[in-house]
There are 2 protein chains.
Amino acid sequence: MNERPVLSFAMRMIQHPAIEDVALSQVLYALSDPVRLGVVRQLAQGGEATCSALDAGRPKSSMSHHFRVLREAGLVRTRTDGPAHMNELRRDELERRFPGLLTVVLAAQAEAPGRT
Amino acid sequence: MNERPVLSFAMRMIQHPAIEDVALSQVLYALSDPVRLGVVRQLAQGGEATCSALDAGRPKSSMSHHFRVLREAGLVRTRTDGPAHMNELRRDELERRFPGLLTVVLAAQAEAPGRT
DNA sequence: ACGATAGTTCGAATATAGTCGAACATTGAA
DNA sequence: TTCAATGTTCGACTATATTCGAACTATCGT
C-alpha cells in the first residue's frame, strides 16, 4: 500500500476553529497559563509576532505547544509568512463571541501588587 | 510530646486569601472548569448557597475540592452557618481587583450556540 | 452525650498538562 | 538541489488535577 502521506499540503494548512465553536471554559483555560497570557499580552501590544519572537527563552517545542492551545481556543490566528508563522489576536471575533472579555483581561493587573 | 492538635479551633476557621494576593491566572484557571463555572453562575444568581445545594449529583468530596479551588482563587467566601457552609461570591472585592472580569464572564454565553 | 447532618481530609487511581530533546516538514534563498 | 531558518510532531518524563470512597470533624437538636 501507499505509505506516503497523502495530501501533504494539508499539513501546512493551519486550522482555526470558528469563533462560534469556542467554549468559554476553553478560552479561560488558555488564558490561565502565565506563559500564554504573556504571549497574548504581547500580541495585544505589538499587533503580531512570530512564535520565536515571543519565546522568552523557552525551547521551540514548548512554545509550539502553547501557540497550539491559543489557536484551538480561538485566541490567536496564525498565518504562514515565509518559513515563519505570524500570529495575531482574533480581537474582533473574540469581542463578538465574548464581549469585553479580552479587554478586561488585558486591563487587569496580573500579579498581586507588592503590599507593605 | 504533645501529639494532640494544638489550636484545633483553627480547623473551623475557613481561610480566604486577601483579594490583593490573588493572581489573574489563578482566577481564570478556577473559572475554566465547567463545574466551577456553573457554581459561580448559580451563586451570582442566587446570592448564596450551601455546598450541597449546588452539587449537581457529584459526591461531597469532589464538590469540596472545587469549592476549595474557588475559595483559594478569591472567588468565593465561605462562612459556617450551623453545620452547613454558606458560600457567596466576593463580587465587590473581585470587581476592585479585576474590574469587569466577573461581569463579563457571567454575561458570556458559555457554550457554542447551535449552528445549523 | 448521642445521633443526624454537612463538609473536610486522606489516599489511591486516573487523567490531563507542561517540558524538552530529537527528528521531521516547510519555505525561501544561494 | 542544497542549505539555513522556523515551526511542528513525536515520545518520554514529570508534574499537577480530577475523581471518589472512606474515615474524620464540626455543629446543632434532643
Side-chain angles (χ1 to χ4, degrees), chain A residues 3-16 23 25-39 43 48-73 76-88, chain B residues 3-16 23 25-39 43 48-73 76-88:
Chain A
E3 296 284 354
R4 287 189 312 105
V6 181
L7 296 176
S8 65
F9 71 88
M11 300 294 294
R12 16 185 155 126
M13 296 301 303
I14 299 169
Q15 301 292 343
H16 298 85
S25 299
Q26 207 181 347
V27 175
L28 296 175
Y29 180 78
L31 292 172
S32 74
D33 181 282
V35 174
R36 291 191 292 261
L37 184 55
V39 167
L43 290 178
E48 60 178 16
T50 62
C51 299
S52 55
L54 305 178
D55 63 6
R58 267 162 255 270
K60 312 187 290 182
S61 51
S62 296
M63 292 313 291
S64 185
H65 164 70
H66 288 301
F67 273 103
R68 186 164 59 83
V69 173
L70 289 172
R71 269 198 303 273
E72 291 177 350
V76 159
R77 185 178 298 281
T78 307
R79 87 186 131 77
T80 136
D81 173 39
H85 286 186
M86 268 308 210
N87 300 281
E88 62 181 348
Chain B
E3 298 283 355
R4 286 192 312 107
V6 181
L7 297 175
S8 66
F9 71 88
M11 299 295 294
R12 7 184 163 129
M13 296 300 304
I14 299 168
Q15 301 292 344
H16 298 86
S25 299
Q26 208 181 346
V27 175
L28 296 175
Y29 180 78
L31 291 172
S32 75
D33 180 283
V35 174
R36 292 192 292 260
L37 183 55
V39 167
L43 289 179
E48 61 178 15
T50 62
C51 299
S52 54
L54 305 178
D55 64 4
R58 268 164 256 270
K60 311 188 290 181
S61 51
S62 296
M63 292 313 291
S64 186
H65 163 70
H66 288 302
F67 274 103
R68 188 163 58 83
V69 173
L70 289 172
R71 269 199 302 273
E72 292 177 350
V76 159
R77 183 178 298 284
T78 306
R79 89 185 130 77
T80 134
D81 173 38
H85 286 186
M86 266 310 208
N87 300 281
E88 62 181 348

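Order of the sequence lines sets the chain letters (A, B, ...), proteins ahead of strands, with each chain counted from 1. As a basis for the values below, the full set of heavy atoms in this structure was taken, side chains included, without hydrogen atoms, waters or symmetry mates.
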Those residues that, when tested against T78(A), pass side chain to side chain donor-acceptor pair (under 3.5 Å) (two or more places apart): R71(A), N87(A)

Contact list for residues 52-68 of chain B, test salt bridge (charged side-chain N to carboxylate O under 4.0 Å, His left out), sequence neighbours left out: R68(B)-E72(B)

5' priority, DNA chain C, between V35(A) and G82(A) [closest heavy atom]: V35(A)

Salt bridge (charged side-chain N to carboxylate O under 4.0 Å, His left out) involving R77(B) - partner list, sequence neighbours excluded: E93(B)

Smallest separation among heavy atoms of V76(A) and H16(A), with atom names: O-CD2, 3.4 Å

Spacing between E72(B) atom CD and dT8(C) atom P, to the nearest angstrom: 12 Å

Interatomic distance where CD1 belongs to I14(B) and P belongs to dA6(C) [whole Å]: 15 Å

F67(A) CZ to dT9(D) P, straight-line distance once rounded to whole Å: 14 Å

Any donor-acceptor N/O pair, S32(B) side chain to Y29(B) backbone, under 3.5 Å: yes

dG18(C) base / S62(A) side chain donor-acceptor hit below 3.5 Å: no

Base-contact (B) and sugar-phosphate-only (S) positions in nucleotides 2-7 of chain D, heavy-atom cut-off under 4.0 Å, - elsewhere: ----BB

Of the listed nucleotides dT9(D), dT19(D), dG18(C), the one nearest the side chain of R68(A): dT9(D)

Interface with DNA chain C, restricted to residues 25-34 of chain A and to heavy atoms under 4.0 Å: Y29(A), D33(A)

Whole angstrom value for the distance that separates P of dT8(D) from NE2 of H66(A): 13 Å

Side chain to side chain contact (heavy atoms under 4.5 Å, CB included) involving S25(B) - partner list, sequence neighbours excluded: P34(A), L37(A)

With E48(B) via side chain to side chain donor-acceptor pair (under 3.5 Å) - residues at least two apart: R79(B)

Atom-to-atom span, NE2 of H65(B) to C1' of dT18(D) - whole angstrom: 6 Å

Partner residues of H66(B) under the side chain to side chain donor-acceptor pair (under 3.5 Å) criterion, sequence neighbours left out: R36(B)

Distance, rounded to the nearest Å, where L54(B) contributes CG and dA6(C) contributes P: 14 Å

Length of the CD-C1' vector between Q15(B) and dT8(C), whole Å: 14 Å

Per R58(A) side chain, nearest of listed nucleotides dT19(C), dT18(D), dG18(C): dT19(C)

Whole-Å distance separating the CE atom of M63(A) from the P atom of dT8(D): 10 Å

Those residues that, when tested against P83(A), pass side chain to side chain contact (heavy atoms under 4.5 Å, CB included) (two or more places apart): none

